[in-house]
Participant: 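Pasting a structure here, questions to come.
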Protein chains: 2
Amino acid sequence: MSIDAIRRIRRFNRAVTAEVGALDTSFLGRGRPLGAARVLNAIGHGRGEVGSLRDYLGLDSGLLSRLLRSLEEEGLVVTLPHPQDARRRVAALTEAGRQEFAAYEALSNDRAAQLLARAPKGDDLLRAMDLVATALGRERIAIEETDPRSEAALHCLTAYYAELGRRLATGFDVALSRDPEAADMMRPRGAFLVALSDGLPVGCVGLKGKGGDLAEIKRLWVCPSARGLGLARRLMEEAEAAARDLGITTLRLDSNNALTEALQLYRRTGWVEIDRFNDDPYPDHFFEKHLP
Amino acid sequence: MSIDAIRRIRRFNRAVTAEVGALDTSFLGRGRPLGAARVLNAIGHGRGEVGSLRDYLGLDSGLLSRLLRSLEEEGLVVTLPHPQDARRRVAALTEAGRQEFAAYEALSNDRAAQLLARAPKGDDLLRAMDLVATALGRERIAIEETDPRSEAALHCLTAYYAELGRRLATGFDVALSRDPEAADMMRPRGAFLVALSDGLPVGCVGLKGKGGDLAEIKRLWVCPSARGLGLARRLMEEAEAAARDLGITTLRLDSNNALTEALQLYRRTGWVEIDRFNDDPYPDHFFEKHLP
DNA sequence: ACATTTCCCTGACTTAAGTCAGAGAATACG
DNA sequence: CGTATTCTCTGACTTAAGTCAGGGAAATGT
């Protein structure tokens, strides 16, 4: 742990504190204290229930209550009892509230755009920001089951194919590979998982089943800025759990010699190499694992 | 300006806000409001004069005054009239104040170390942080004249030699090159400039003189995370200004074909290519510029 | 030498943020 | 069915932060 590293991190902190402060200041321009603005934005982002607002914003119950009242008086928010449990309350934006929320979103987007505009090399900066955000938000990476045709899934798959094209000596053309049907990677036959870090897709894995007790793992991918966090392992564990849940007892997968990290992961996590089980042109390694 | 880029920046903002907040919270652990802690730390970092404290922290004069009083009552700070101008006052830490300041520094360092410890690939993360901090703090990069043997200068020169070693087809060995005497790059014969971003050296340039009206530009370097910001140009302008100040009328420099950005910069800023003027083994391009 | 300006200070405010105790309604539990 | 628990709300605080108007001492300009 060198002194130099600590100095660099502290310099980063200073630089970024100014940026965060500037965003807060721009939020004050709407003539509302920051606390109320934060509540309004949290509701706009889909956090309706009062309890979840409290947890998310870390506010005292009394304080949040008052902030909600002030937003109600402004006509931006209405609160209604929760349909299932009338002790709880759910806040929702009115039409005026939605407009105000949109104004805050526009402020945030403007600041982001300004930052990008004064940045030297747009893409390097974005990549660096992704890496930092992922490292800082490591414990907040959520793995979710989704439709393999969802926006998040397509984001990952596009990046995955592009990476295969770069890494395989032969290049890669999806059309030549056996692209699974979406229905094979959805319940009840299979599943598709994406890893989301604060909403940004950073990894995926597919479980492709045919209805029997045999299934295949496909499309395991982790985005470069999220590598080294053990995310691939987590994705595989979740995929195996989903397989068990579907009554699957044997898993298979194919891979390529160029994908060294993946091969290493499979060998370390109980997969055994078997003979070729398909005629797909790209893979040259084949694995199997029996689920207990 | 893609939507995706804005989403990524906003995700970065969220991730980093949590980090900044955590640092603030840890500062509260010393039983002192954040405002007072900020003042104490600013004094500890060498900002003694009340006026400069006010500017740096962006505080109202009355508020700062009160914060200073509270630190005085705690016995952490003493304020004395400014020796040159008795209207102004200068704050300084007492022995107890120095200890308290050291405790805050330790908290900051701990947080930085923790962040680094939970990071996956230490060096990638640090590089990404440098890039972000430099891009955000772009307008705060200061160019200072320094001893070519100072810590900051050596930091730059070491990185410069390493980079030459990587980029030149022949490799690079300082011993074979004509390494200037330190005295040739200091007043009154020459000068050495470093660019500091929040204290971190991010670039340098040397002006090597022999006492006459001819001098050479040497060791122009900008660290990778600060490229694309026009820093090399600024360094060259400052070096030329220093040369004029020293009464120098003709500047020369040598460079290598592999250093394309540098060659481009020279050609665009009024340098003309001339014949080889030394027998150094590394350069293959030679330039001259007359100062008006 | 005198008026003006600069600098920091004090006192009297306002606003935001946060804490805590307890009330009232609804649900869960035995 | 009655009691305990959960959930949100209100009222009565405290603390931090910030604003504004002046005042006194020192320096500056004429």
Side-chain angles (χ1 to χ4, degrees), chain A residues 17 20-43 47-74 76-92, chain B residues 17 20-43 47-74 76-92:
Chain A
T17 303
V20 168
L23 182 59
D24 283 356
T25 312
S26 77
F27 268 39
L28 288 175
R30 307 242 86 218
R32 196 172 290 108
L34 212 54
R38 292 212 306 149
V39 173
L40 183 72
N41 277 286
I43 298 171
R47 238 164 253 271
E49 298 196 20
V50 173
S52 98
L53 278 173
R54 234 183 358 241
D55 291 348
Y56 178 63
L57 298 171
L59 296 176
D60 173 82
S61 129
L63 181 50
L64 174 60
S65 216
R66 250 182 293 276
L67 291 172
L68 281 172
R69 283 310 78 70
S70 83
L71 290 172
E72 271 188 320
E73 275 166 36
E74 277 195 87
L76 304 176
V77 156
V78 283
T79 63
L80 300 164
H82 192 285
Q84 267 86 55
D85 180 347
R87 288 170 303 183
R88 293 193 271 165
R89 313 214 88 207
V90 182
Chain B
T17 303
V20 169
L23 182 60
D24 284 356
T25 312
S26 78
F27 268 40
L28 288 175
R30 306 242 90 218
R32 195 171 291 110
L34 214 52
R38 292 213 304 151
V39 173
L40 182 71
N41 277 286
I43 298 171
R47 236 164 255 272
E49 297 196 21
V50 174
S52 97
L53 277 173
R54 231 180 2 236
D55 290 347
Y56 178 64
L57 299 171
L59 294 177
D60 172 84
S61 129
L63 181 51
L64 175 60
S65 218
R66 250 180 295 274
L67 291 172
L68 281 172
R69 285 309 79 70
S70 84
L71 290 171
E72 272 188 321
E73 274 165 38
E74 277 195 88
L76 303 176
V77 156
V78 284
T79 62
L80 299 164
H82 190 285
Q84 267 85 57
D85 180 347
R87 288 170 305 181
R88 294 194 270 166
R89 314 214 86 206
V90 181

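Numbered from 1 within each chain, the chains take letters A, B, ... in sequence-line order.
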Participant: How would you give the extent of chain B contacts on DNA chain C, as first and last nucleotide 5' to 3' within a 4.0 Å heavy-atom cut-off?
Facilitator: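 Reading along DNA chain C, I get C/dT6 to C/dA12.
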Participant: Heavy atoms within less than 4.0 Å of DNA chain D: which residues of residues 33-40 of chain B have one? Give them sorted by number.
Facilitator: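 Residues of residues 33-40 of chain B under 4.0 Å from DNA chain D: B/Pro33, B/Leu34, B/Gly35.
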Participant: Which value, rounded to the nearest 0.5 Å, describes the distance between B/Leu59 atom CG and B/Leu53 atom CG?
Facilitator: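 Going from CG on B/Leu59 over to CG on B/Leu53, the span is 8.5 Å.
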Participant: If you measure from CG on B/Leu67 to CZ on B/Arg32, what distance do you get to the nearest 0.5 Å?
Facilitator: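 These two atoms lie 11.5 Å from each other.
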Participant: So, taking the atom named CZ in B/Phe27 and the one named CZ in B/Arg38, what distance separates them when rounded to the nearest 0.5 Å?
Facilitator: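 B/Phe27 atom CZ to B/Arg38 atom CZ measures 11.0 Å (nearest 0.5 Å).
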Participant: Any chance you could measure B/Glu74, atom CD, to B/Leu71, atom CG, to the nearest 0.5 Å?
Facilitator: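 The CG atom of B/Leu71 is 6.0 Å from CD of B/Glu74, to the nearest 0.5 Å.
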Participant: My understanding is that only residues two or more places apart in sequence, or in another chain, count here; which of them pass side-chain hydrogen bond (donor to acceptor under 3.5 Å, both in side chains) with B/Arg89?
Facilitator: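 With neighbours one apart ignored, the set is B/Thr79.
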Participant: Quick one: which protein N/O atoms are closer than 3.5 Å to N/O atoms of nucleotides 6-9 of chain D? Pair and distance per line, please.
Facilitator:
from, atom 1, to, atom 2, distance (Å)
D/dT6, O4', A/Arg87, NH1, 3.2
D/dT6, O2, A/Arg87, NH1, 3.3
D/dT8, OP1, A/Gly51, N, 3.3
D/dT8, OP2, A/Arg54, NH1, 3.0
D/dT8, OP2, A/Arg54, NH2, 2.5
D/dC9, OP1, A/Arg69, NH1, 3.3
D/dC9, OP1, A/Arg69, NH2, 3.1
D/dC9, OP2, A/Ser65, OG, 2.9
D/dC9, O5', A/Ser65, OG, 2.9
D/dC9, O5', A/Arg69, NH1, 3.4
D/dC9, N4, A/Ser61, OG, 3.2

Participant: Set out, in order, the CA-CA distance, both residues' side-chain angles and the distance that settles side-chain contact (heavy atoms from CB on, under 4.5 Å) for B/Val90 and B/Val50, then state yes or no.
Facilitator: CA-CA 6 Å; B/Val90 181; B/Val50 174; over 6 Å; no
Participant: For B/Thr17, check side-chain hydrogen bond (donor to acceptor under 3.5 Å, both in side chains) against everything at least two apart and list the hits.
Facilitator: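 Scan of B/Thr17 (side-chain hydrogen bond (donor to acceptor under 3.5 Å, both in side chains), adjacent residues dropped) gives none.
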Participant: So which heavy atom on A/Ala91 is nearest to which on A/Val77, and how close?
Facilitator: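 What the structure gives for the nearest pair is CB-CG1, 4.2 Å.
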Participant: Measuring from atom CG of B/Leu68 to atom CG of B/Leu64, what distance do you get when rounded to the nearest 0.5 angstrom?
Facilitator: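 Atom-to-atom, B/Leu68:CG and B/Leu64:CG are 4.5 Å apart.
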Participant: Can you pull out every side-chain hydrogen bond (donor to acceptor under 3.5 Å, both in side chains) where at least one residue sits in residues 50-64 of chain A? Sequence neighbours excluded, please.
Facilitator: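 Every candidate side-chain hydrogen bond (donor to acceptor under 3.5 Å, both in side chains) pair involving residues 50-64 of chain A fails, so no pair, neighbours aside, qualifies.
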